[in-house]
Number of protein chains: 2
Amino acid sequence: MNIGQASSHSGVSAKMIRYYESIGLMPEAGRTQAGYRVYSERDVHLLRFVRRARDLGFALEDIRMLLGLWQDDARPSAAVKEIALKHIDELTRKIAELQAMKRSLQHLAEACHGDDRPDCPILDDLGSPGSRGDEDRCH
Amino acid sequence: MNIGQASSHSGVSAKMIRYYESIGLMPEAGRTQAGYRVYSERDVHLLRFVRRARDLGFALEDIRMLLGLWQDDARPSAAVKEIALKHIDELTRKIAELQAMKRSLQHLAEACHGDDRPDCPILDDLGSPGSRGDEDRCH
DNA sequence: CCTTGACCTTCCCATGATGGGAAGCCTTAT
DNA sequence: ATAAGGCTTCCCATCATGGGAAGGTCAAGG
């Protein structure tokens with residue numbers, strides 16, 4: 001299988017397959033005499049693993065560890081769960097951060113007429129020297 | 001005021017102040033004879049504006065527009081609101097994406113014993129050939 | 001007066017994960 | 001035989017930020 005086939009079978013772009021190889025996430029692919037990379041079903045399986053883990057938001061360094069555990073028949077499931085829980089915490093943190101931004105912005109946007117007149121609570125807030133205004137009062 | 005003062009008064013690092021100047025987000029600072037950048041209260045005000053907008057998650061290109069509108073006494077508030085609403089949409093999208101990841105991962109983590117035994121639903125899911133291999137790419 | 005330490009300057013490099021594209025070689029189908 | 005398209009490597013760009021080196025400047029204290 002060429003890299004193009006491996007790509008379409010795994011959902012990982014050829015560019016990324018080469019990159020994963022370069023950082024040691026994927027084993028070095030075999031080569032034809034002409035230098036083309038050659039992939040097996042097993043490689044495609046690995047790539048799909050990486051793609052799924054990426055879809056769940058894992059960083060490549062986490063995926064490196066997950067791949068190691070996946071291929072280790074004697075792994076303790078606790079090791080896997082720990083990585084997953086750490087990532088869940090990270091997701092929770094990011095979600096809360098974005099939600100705080102969204103809440104503040106929504107309050108400001110609701111207060112803004114959105115017409116031809118120049119007065120705008122959004123700019124007033126951004127430019128005010130004091131505190132954020134509604135963020136501390138509300139919720 | 002030196003860049004260090006401007007930094008501590010605005011909460012923007014000196015590094016970033018220079019960067020914002022280099023990309024034309026901030027006007028070129030005046031210089032002392034020795035080449036030190038010089039800042040006024042007004043510049044600090046601008047920097048605080050940028051910092052607040054960053055805290056709300058706006059991209060620098062959005063902030064460039066917001067700064068333009070802020071300094072334009074005749075702006076229509078609709079222009080500001082449009083930028084804000086677009087950003088709210090983006091936040092909403094990202095939040096939903098992260099929440100979907102979190103949900104999936106939580107289900108998997110709940111099903112994982114997290115002990116010394118090797119069987120692990122998380123790895124089973126990541127490695128299963130089943131859902132979603134080569135077809136639809138969503139971006 | 002000279003040293004010291006804290007500041008400033010510019011310039012280069014790194015991040016994380018990905019895409020774009022050029023120059024050149026290989027394969028396959030017409 | 002030639003054209004199309006796939007493959008190779010290499011370099012560059014993103015986005016916002018930090019790190020650090022090499023060197024100039026300023027203020028205070030011996």
Side-chain angles (χ1 to χ4, degrees), chain A residues 1-26 28-39 43 47 49-67 86-87 90-91 94 97-98 101, chain B residues 1-26 28-39 43 47-67 86-87 90-91 93-94 97-98 101 134 137-139:
Chain A
M1 216 182 319
N2 280 339
I3 199 170
Q5 262 82 58
S7 169
S8 56
H9 289 173
S10 65
V12 178
S13 73
K15 215 88 192 205
M16 280 302 101
I17 296 176
R18 294 192 196 99
Y19 175 63
Y20 294 160
E21 180 182 330
S22 82
I23 63 171
L25 192 64
M26 290 286 296
E28 284 200 19
R31 301 286 183 133
T32 65
Q33 260 186 334
Y36 282 24
R37 286 176 179 80
V38 176
Y39 295 92
D43 293 320
L47 286 168
F49 183 102
V50 175
R51 166 124 156 67
R52 289 230 201 162
R54 288 292 300 137
D55 286 348
L56 287 173
F58 283 104
L60 292 184
E61 283 316 302
D62 286 342
I63 296 174
R64 191 191 298 275
M65 290 189 289
L66 290 171
L67 271 174
K86 212 190 65 199
H87 185 44
E90 187 64 16
L91 288 170
K94 277 191 198 157
E97 188 185 333
L98 296 181
M101 290 176 184
Chain B
M1 215 183 317
N2 281 341
I3 199 171
Q5 262 83 58
S7 169
S8 56
H9 289 175
S10 65
V12 178
S13 73
K15 215 88 192 203
M16 280 301 102
I17 296 176
R18 295 193 196 98
Y19 175 63
Y20 293 161
E21 179 182 331
S22 81
I23 63 170
L25 193 64
M26 290 286 296
E28 285 200 18
R31 301 285 183 133
T32 66
Q33 258 185 335
Y36 284 24
R37 286 175 180 80
V38 176
Y39 296 92
D43 292 319
L47 286 168
R48 272 202 282 247
F49 182 102
V50 175
R51 168 123 158 68
R52 291 230 198 163
R54 288 292 300 139
D55 287 347
L56 287 173
F58 283 104
L60 292 184
E61 281 317 301
D62 286 341
I63 296 174
R64 190 192 299 275
M65 290 189 289
L66 290 171
L67 272 174
K86 211 189 64 199
H87 185 44
E90 187 64 17
L91 289 169
R93 211 186 48 71
K94 277 192 198 155
E97 190 184 333
L98 296 182
M101 291 176 184
D134 59 320
R137 294 289 309 109
C138 57
H139 60 279

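Just so we're on the same page: letters track the sequence lines, and every chain starts at 1.
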Distance in Å, Arg54(B) CZ paired with Phe49(B) CZ, rounded so as to fall on 0.5 Å steps
13.0 Å
Write down the distance between CD1 (Ile23(B)) and P (dA13(D)), rounded to a whole number of angstrom.
16 Å
Atom CE of Met1(B) and atom P of dC7(C) are separated, to the nearest Å, by 16 Å
Expressed as a whole number of angstroms, how long is the span from Leu60(B):CG to dT14(D):C1'?
13 Å
Among Val50(A), Leu47(A), Leu25(A), side-chain contact (heavy atoms from CB on, under 4.5 Å) partner for Ile17(A)
Leu47(A)
In whole Å, I'd like the distance from the CZ atom of Phe58(A) to the P atom of dT18(C).
15 Å
Is the shortest side-chain heavy-atom distance between Ile3(B) and Tyr39(B) below 4.5 Å?
yes
What I want to check is whether an N or O donor and acceptor connect the side chain of Tyr36(B) with the base of dG24(D) at under 3.5 Å.
yes
Nearest whole Å is fine: how far is dC11(C) P from Glu21(B) CD?
12 Å
Whole-Å gap separating P (dC26(D)) and CD1 (Ile3(B)):
16 Å
Specify the separation, in whole Å, of atom CD of Gln5(B) and atom P of dA27(D).
12 Å
Candidate nucleotides dA16(D), dT18(C), dC11(C), ranked by approach to the side chain of Lys15(B) - the nearest
dC11(C)
Got a second to check how far Asp43(B)'s CG is from His9(B)'s NE2, nearest 0.5 Å?
13.5 Å
Pick base, sugar-phosphate or nothing for Ala59(A), based on heavy-atom distances below 4.0 Å to the nucleic acid.
sugar-phosphate
Starting from the 5' end of DNA chain D, give me the residue, Gln33(B) or Met16(B), whose nearest nucleotide shows up first.
Met16(B)
Which residue lies more 5' along DNA chain C, comparing Arg18(B) with Ala34(A) via nearest heavy atoms
Arg18(B)
Please classify the nucleic acid contact of Ser13(B) as base, sugar-phosphate, or nothing, using heavy-atom distances under 4.0 Å.
sugar-phosphate
With sugar-phosphate meaning primed atoms plus P, OP1 and OP2, does Tyr20(A) contact a base, only sugar-phosphate, or nothing at under 4.0 Å between heavy atoms?
sugar-phosphate
May I ask you to verify if any side-chain N or O of Tyr19(B) is less than 4.0 angstrom from the OP1 or OP2 atom of dG18(D)?
no
Using heavy-atom distances to pick each residue's nearest nucleotide on DNA chain C, tell me which of Thr32(A) and Glu61(A) is more 5'.
Glu61(A)
Could you state the atom-to-atom distance from CG of Asn2(B) to P of dG24(D) in whole Å?
19 Å
Any side-chain N or O of Arg37(B) less than 4.0 Å from the OP1 or OP2 oxygen of dT10(C)?
yes
Under 4.0 Å from OP1 or OP2 of dT10(C): is there any side-chain N or O of Arg31(B) that close?
yes
Where the side chain of Arg54(B) is concerned, which of dC8(C), dA17(C), dA16(D) is the nearest nucleotide?
dA16(D)
Quick one: side chain to side chain donor-acceptor pair (under 3.5 Å) partners of Gln5(B), sequence neighbours excluded?
none
